[in-house]
Amino acid sequence: MTTSLTDCVLALYEEHHELEEYQSGMPRWCNGCGDNAILTAVQRLCRDAELRPEKTVFVSGIGCSSRFPHYMKTYGFHSIHGRALPIAEGVKLARPDLHVFVNTGDGDCCSIGAAHWIHAIRYNMNMTVILHDNQIYGLTKKQASPTSPLGTRSNTTPRGSYLEALNPLTVTLGVQNVSFVAQVVDWIPDLVFDVLSAAYRHQGFSFVRVIQRCPEFQPGLHEIAMREPNRVQVLTHPRGLQLDPSLERVYKNRLEHDPSDLSRARDIASSTDAIPVGILYWNPEVPRYEQIRAPSQLRTPDKIRAGLEAELDKYTIWPDGPTATT
Amino acid sequence: MKNLPTHHDSRIATVLDEHVIEIVSDSGEGAQRCGQSLAAIAARMGNGIWTVEIIPAEIQPPARSVAGASGNRVRIGARRIESGGDEADLVVAFNEQVLLGRVRAGELKHGARILLEGMWREHPDPRIAASYAAAVDELAAAGYRVIEIPMERECRTLVGDPRKGKNMFALGILCNIYSLDLQLARDQIALIFRKKAASVIESNVTLVEAGHAWAETHLDFKFRIPAERVTTPQIVVNGNTAAALGVLASGMEICAMYPITPATSASHYLSEVFEKVGGIVHQAEDELAACAFAIGASYAGKCAITITSGPGYSLKQEALGLAVMAEIPLVVLNVQRGGPSTGQPTKTEQGDLLATVFGSHGDAPKVVMATSTIEDCFYAIITARKIAETFNMVVVVLSDANLATAQQPFARPQFSETWLAPPVDQSPIPPGAKPYDWDPVTGIARRFIPGQPGGMHTITGLAHDRNSRVAYDPVINAEGLRHRSLKLAALQRTLVPPTVHGGDTGDLLVIGWGSTKGVIEEAVDRLRGEGLAVSSMHLRFLQPMAGGIKEIMARFPRVMTIEQNWSDTLEDGVIDDSNRRYSALAMMLRARYLVDVDCWSEVRGQPLKPGRLCEVIRGRLPGRQQKEVAS
Ligand SMILES: Cc1ncc(C[n+]2csc(CCOP(=O)(O)OP(=O)(O)O)c2C)c(N)n1
Ligand code: SF4
Ligand SMILES: [Mg+2]
């Protein structure tokens, strides 16, 4: 016996899950890898938002970060390098009832999959996209990525990388239909959770760049920022993030920023003084592709038959008359 | 040929078994519409028809250029027609340059009748007038029967822009020449312009009638191709429309594509109609995305299709490997064109067979089918969806530019609910079930679909075990490869052996695949009519290949393929048995069956001609070996 999708949608019910219900297998990331913090925050988010594990899909590309779905006890799709976004779009268009998350690395998203990234922003489909930005290629063992700082020594740039880093925030904020952009650093777990929760709540394409430590291949890259909390600038706003009092004591460099202000968001994203953390931009009004393209009617065999017959009528030569019905 | 008087006409109509007619013009002058209408009217009369589009590579090639011919070739017959046929018997041309293009391409029969727009003779530009006069003289000297017609002058008395109306005037002339029912022509015009104002229909009907009347008073010849009214409803569409209708009928909901010639018209048509039944055409940012998008939709429970041509197919290859590895059903329609690279976008070729069978890195078993008729384009998609979902496999359907634009009537399909995809399974997964619980015999595993409680797992393009856990273990890796391969064998057991066209035994067996079925069988029929023991066999499944093929081949001392892809010929001095490259199917048959399969192929981008195939095949028969020059 199979149960149809519509039956299941009708059978919605209240559910609660424990944290363990979202955990699957021992993560195989290095000690101190920032991906661990992201995983913990996401599992917390799933529990608190009461996401039904079978209704939740994590789609990823290839890279250390893209192993993420294997550690979630939900549905997961660990795909190929660079293509997580179009796959996730296909999932969402086919099944708007599913919660879709995407895990992608800086190489995965900003290099090999860059074309898809631009267009995914434009489609604005309801999904939460986490850019695990360790500013290096981890899985393939230390090559410069588009977000590696100028001069990064890596296996392909032994004398230092040649180009200025690409800024994923300004790129995303520059694309038509952008609807949610946030940034967070992996070493402030509560903020990771808060930002990801806000991203999940946003109905549209939520892009969260997580500055993620890779102690293996980018050791010490963020040491100063971690030591000096003022290097992190927390964006707060009644419509954005509100800092927990315990964090307020540590993170004194704060900026009141209205996330509906796109041009200010772009300025903040471009600034190199401190690492902005929080919600840069949020616009709940942008139309979503899966809604724009939603079929206006339920598909039934009768509908399909009628549609097909109507088309065939246009091209039919009938034995008893010269004219096709029009 | 018998000369019989027709009852309703003063001129004597010569009764013909068939004729090939071409209408060529600069693009934008409506020759294609003229040809398609002519074919539709003949089909309504009950004639067999086959149309081939003549498409210039550029959208707006320079006017009056030899390479710019745009139009249609229409073959009309007293019986069912299975191919575009041989060289043209009659050509309507709107200028001498596009005509010369067709003459130089060898598309006209010796002595063919040419109805040529005559206004160029008095053109104010003396160079044009001179080039026209020279062309007419040259053609007449070469034995063609050139009839100059003042089409534009005649149309000017009827419509404001004669350049736009000429095609309908020409249609009227053709209706008269071929004794087609003028009322059917009027009906056809009403159908074509059904979305336009009544005045548009009126002026087009006036033009057709004027052309008809002009031919009646000015021409001294007339033909009639006997027709039998159809007894069952017939559909007249081209292969791409048929395939799109197949998508609709298969119950698939999502088509992800990126525009590319010659596949795009299938997606155009689908975009027009799919939403009416709740379907979606997604134009992705590129073919990598289109393929990934379709895979995502399929993974989520709704088997999707991605439609493309050569270069786009190349881009999809990596993602296809993912679908194979993760066992996600997917239908791919590849409408082949000339390659490699950008090649010949509007021309036909069968160059992608090996890329589809062996493509994507590693061992990536996929099902590969080829459509051989317009009707087949419809049913192949329905079959492909079923196979994809039954075996959780990628099914590639190979069509080509020839079928994409050709038209041939076929029996109106009778819709069946069994064609449709089942609803998305959302039932709970029983405890202990595994996402890749490969059946030891068939290799098939039940797929878990997101939304199914208890089925949570992560699928991956990495080697994996039955639980979908990433496996670096050599044994588990081999297990996965084995089971994915077994599925092809399991499918193969369900395939019916191909049938033989002609005699069950004989001197030579010709094997073909794809759009060449009609033309090969026509050549075989002609040769058998001459008493030659030639048969043919056409393959629908290229991977897996049905059982029984070897046994059929064993009944013939000589076996060869006829294909539209590259093969070396021994006529080239540097080629010998040790370095000769065979055509794709020949290579596969040789490898699989250890049979010395020969081949002949042509890559001119044009549909094959039965007369040419007869020459080729005669040359391969015992005692008749003659040097044939590959073209
Ligand atoms: C088509 C293709 N090209 C290259 C690779 C090799 N490759 C795997 S992961 C990777 C880069 C990963 O870097 P990133 O996306 O930043 O992820 P990280 O490992 O840093 O999390 C590359 C180049 C591949 N798997 N596929
Ligand atoms: S290599 Fe870097 S990114 Fe990869 S797991 Fe180790 S620390 Fe994390
Ligand atoms: Mg990285």
Side-chain angles (χ1 to χ4, degrees), chain A residues 1-5 7-8 24-25 53-55 57-59 69-70 72-80 82-83 86-95 97-98 115-116 118-119 293 295-299 301 303-312 315-319 322-324 326, chain B residues 43-44 184 187 191 194 229-237 245 248-249 251 253-254 256 273 275-278 280 282 284-286 288-289 292-297 299-302 304 318-319 322 409 412-413 415 417 420 423-427 450-453 455-456 458-461 470:
Chain A
M1 253 301 282
T2 63
T3 317
S4 78
L5 179 61
D7 289 346
C8 283
S24 166
E54 74 273 18
K55 287 283 194 185
V57 183
F58 284 81
V59 183
H70 289 283
M72 293 297 301
K73 212 199 244 168
T74 59
Y75 279 90
F77 194 156
H78 181 195
S79 72
I80 45 176
R83 318 296 164 212
I87 289 176
E89 291 153 13
V91 171
K92 191 68 190 176
L93 193 75
R95 295 284 305 275
D97 60 309
L98 299 173
H116 308 315
I118 305 292
H119 291 278
R293 300 302 311 270
S296 54
Q297 48 203 306
L298 218 57
R299 276 169 70 85
K303 272 266 155 51
I304 296 171
R305 175 201 295 269
L308 181 68
E309 300 288 0
E311 284 312 305
L312 292 177
Y315 305 107
T316 299
I317 301 171
W318 298 100
T323 320
T326 50
Chain B
R44 286 169 194 282
L184 291 185
D187 292 343
L191 179 68
R194 63 186 179 279
R229 268 292 169 74
V230 293
T231 52
T232 52
Q234 302 283 306
I235 300 293
V236 186
V237 291
L245 288 167
L248 213 87
E253 280 177 47
I254 290 173
V273 301
E275 282 181 19
K276 293 181 197 156
V277 300
I280 295 169
H282 170 66
E285 57 270 24
D286 55 37
L288 297 84
F293 192 101
I295 288 172
Y299 159 72
K302 295 189 176 168
E318 191 202 7
L322 169 67
R412 179 178 166 126
F415 176 78
E417 274 191 28
L420 302 180
V424 180
D425 187 358
Q426 294 289 277
S427 63
Q452 289 193 279
M456 288 82 75
T458 290
I459 62 164
T460 169
V470 176

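A, B, ... follow the sequence lines: proteins, then strands. Residue 1 opens every chain. These figures come from a predicted structure and were not determined experimentally.
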Item to check | Pair A:Lys55 + A:Asp97, salt bridge at N-O below 4.0 Å | outcome: yes
Next on the checklist: Looking at chain A, which one of B:Ile295, B:Thr458, B:Thr460 has the largest number of heavy-atom pairs inside 4.5 Å, strictly under?
Outcome noted: B:Thr458
Next on the checklist: Using the rule given for ring pair (Phe, Tyr, Trp, His ring centres under 6.0 Å), can you reason through A:Phe77 versus B:Tyr299, listing the C-alpha separation, both sets of side-chain angles and the distance that settles it, and then say yes or no?
Outcome noted: CA-CA 9 Å; A:Phe77 194 156; B:Tyr299 159 72; 4.9 Å; yes
Checklist outcome for this item: Residue from A:Met72, A:Lys92, A:Glu89, A:Lys73 scoring the most non-hydrogen pairs under 4.5 Å with chain B is A:Glu89
Checklist outcome for this item: Turns out that what part of B:Ile280 lies under 4.5 Å from chain A's heavy atoms comes down to both
Checklist entry - Side chain, backbone, both or neither: which part of B:Ala304 has a non-hydrogen atom closer than 4.5 Å to chain A? => result neither
Checklist entry - Quick one: of B:Gly461, B:Ala43, B:Ala289, who has the most non-hydrogen atom pairs under 4.5 Å with chain A? => result B:Ala289
Item to check | Interface moiety of B:Pro409 toward chain A, non-hydrogen atoms closer than 4.5 Å | outcome: neither
Next on the checklist: What part of B:Leu248 gets within 4.5 angstrom of chain A, counting heavy atoms only: side chain, backbone, both, or neither?
Outcome noted: both
Next on the checklist: So for A:Leu98, is it side chain, backbone, both, or neither that comes closer than 4.5 Å to the heavy atoms of chain B?
Outcome noted: side chain
Checklist entry - Can you name the side chain to side chain contact (heavy atoms under 4.5 Å, CB included) partners of A:Glu309, sequence neighbours left out? => result A:Arg305, A:Leu312, B:Arg412, B:Phe415
Next on the checklist: To the closest 0.5 Å, what do you measure between OH (A:Tyr315) and CG (B:Leu245)?
Outcome noted: 7.0 Å
Checklist entry - Relative to chain A, which segment of B:Glu417 carries a heavy atom at a distance below 4.5 Å: side chain, backbone, both, or neither? => result side chain
Item to check | Side-chain (B:Lys302) to main-chain (A:Ala94) donor-acceptor, under 3.5 angstrom | outcome: yes
Next on the checklist: If the condition is ring pair (Phe, Tyr, Trp, His ring centres under 6.0 Å), which residues does A:His78 pass it with, not counting sequence neighbours?
Outcome noted: A:His70
Checklist entry - With a 3.5 Å cut-off and no angle check, do the side chains of A:Arg83 and A:His116 form a donor-acceptor pair? => result yes
Checklist entry - Between B:Ala294, B:Pro450, B:Gly296, which shows the greatest number of heavy-atom pairs under 4.5 Å with chain A? => result B:Pro450
